[in-house]
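Here the structure is laid out as structure tokens; the discussion comes afterwards.
Atoms considered below: every heavy atom in the structure, side chains included; atoms not considered: hydrogens, waters and symmetry mates. Being a predicted model, the structure only gives us computed values, none of them experimental. Letters A, B, ... are given to chains in the order of the sequence lines, protein chains preceding strands, and every chain is numbered from 1.
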Amino acid sequence: MDKIYNIKYVDASYSYEESINQTKLDLFEAYGYVEKNKNNIVITFIKKHGISEEKQNHDKEVNIINGLVIPDTSLASISSAYKTNILDNIKINYAVSVTWRDVVHVENLPRYDCSVMYTEGILVKIESDYVILKDPKTIRTYPTPVKNHPGSGLPTYLVIPISFITDIEVVK
Amino acid sequence: MKKLLVKDSDENVIVDVIFRADDNNEYECVGVLVEENDNLIEVAFNSKNGEIVDSINIKRADIISINVLDSSKIEKLT
């Protein structure tokens, strides 16, 4: 956890505009203390000073004061080159349900894994590295309790990196 | 304390800062030094399309130590 990294990653995003002109995924760049936790990357921006590296790595009750947990597939190079056949039978204007892993901003919590989201909406765009859903209705299914997401307002569009998607199905 | 930001330089100054917070605990952070004046420094952790989205202001009086890191030695995950 004491290793310092420069990280470039992509993230999902909501839009509240009537139309969307997204042409590429937003690119984030962060500096932090990094550790891998299975298929999650934990980026700590602020940590308590004086806690041993061993305790930080093995005691998952240690709070991250400020940081992020991102899917390992959110790294910019992995996202842009990501290959999947998950969208093979999915077409534009289908009503779909999408299960996807989301970036988590952590403050004062012992949190070391990403959230899981479930979204229903109309698929309006498929690009090489992202999809766009119109009128998305999203719930966070992990961790419990299940919650509506985002917490406030009704987004008109949701942009999801394809590398975040773990399942997509046509809604009958 | 000596100023670390070089005006008109495009090079990021990456710092590791140990500081004392209002709760009297000591914390450590790393990031890009984006602002400094006689009273405080601002360290940015995260940017979106080049715009800062997450940073902290630290009072100079609360700084215990500050180290400038050699950016060429920082590992990259991109």
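Between B/F45 and A/L68, the closest side-chain pair of non-hydrogen atoms is not below 4.5 Å.
For B/I64, no part lies near chain A; criterion is any non-hydrogen pair under 4.5 Å. When heavy atoms are compared at a cutoff of 4.5 Å, B/N49 approaches chain A by way of both its backbone and its side chain. Heavy atoms closer than 4.5 Å to chain A are found in the side chain of B/N12, but not in its backbone. At a 4.5 Å heavy-atom cutoff, the contact between A/N66 and chain B is made by side-chain atoms alone. Contacts of A/Y5 with chain B are made by both backbone and side-chain atoms, with heavy-atom separations under 4.5 Å. Proximity to chain B is absent for every atom of A/I43, based on heavy atoms less than 4.5 angstrom apart. Contacts between A/I7 and chain B at a heavy-atom distance below 4.5 Å involve backbone atoms as well as side-chain atoms. Using a 4.5 Å cut-off between heavy atoms, B/I18 touches chain A through its side chain atoms alone.
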Salt bridge (charged side-chain N to carboxylate O under 4.0 Å, His left out) between A/K137 and A/D135, worked out: CA-CA 7 Å; A/K137 306 246 178 340; A/D135 298 327; over 6 Å; no
Stepwise salt bridge (charged side-chain N to carboxylate O under 4.0 Å, His left out) test for B/R20 and B/D62: CA-CA 5 Å; B/R20 191 177 302 280; B/D62 291 337; over 6 Å; no
Step-by-step ring pair (Phe, Tyr, Trp, His ring centres under 6.0 Å) determination, A/Y14 to A/H149: CA-CA 10 Å; A/Y14 290 102; A/H149 193 269; 5.6 Å; yes
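Minimum heavy-atom separation, B/C29 to B/V43: SG-CG1, 4.4 Å.
Annotation: cation-pi geometry not satisfied between A/K125 and A/Y130 (NZ/CZ under 6.0 angstrom from ring centroid, within 45° of ring axis).
Looking only at distances, a side-chain donor or acceptor of A/S80 sits under 3.5 Å from a matching main-chain atom of A/S77.
Listed options A/I41, A/I46, A/L75 were ranked by heavy-atom pairs under 4.5 angstrom with chain B; first place goes to A/I46. Taking chain B as the reference chain and counting heavy-atom pairs below 4.5 Å, the highest number among A/H105, A/K8, A/E29 is found for A/E29.
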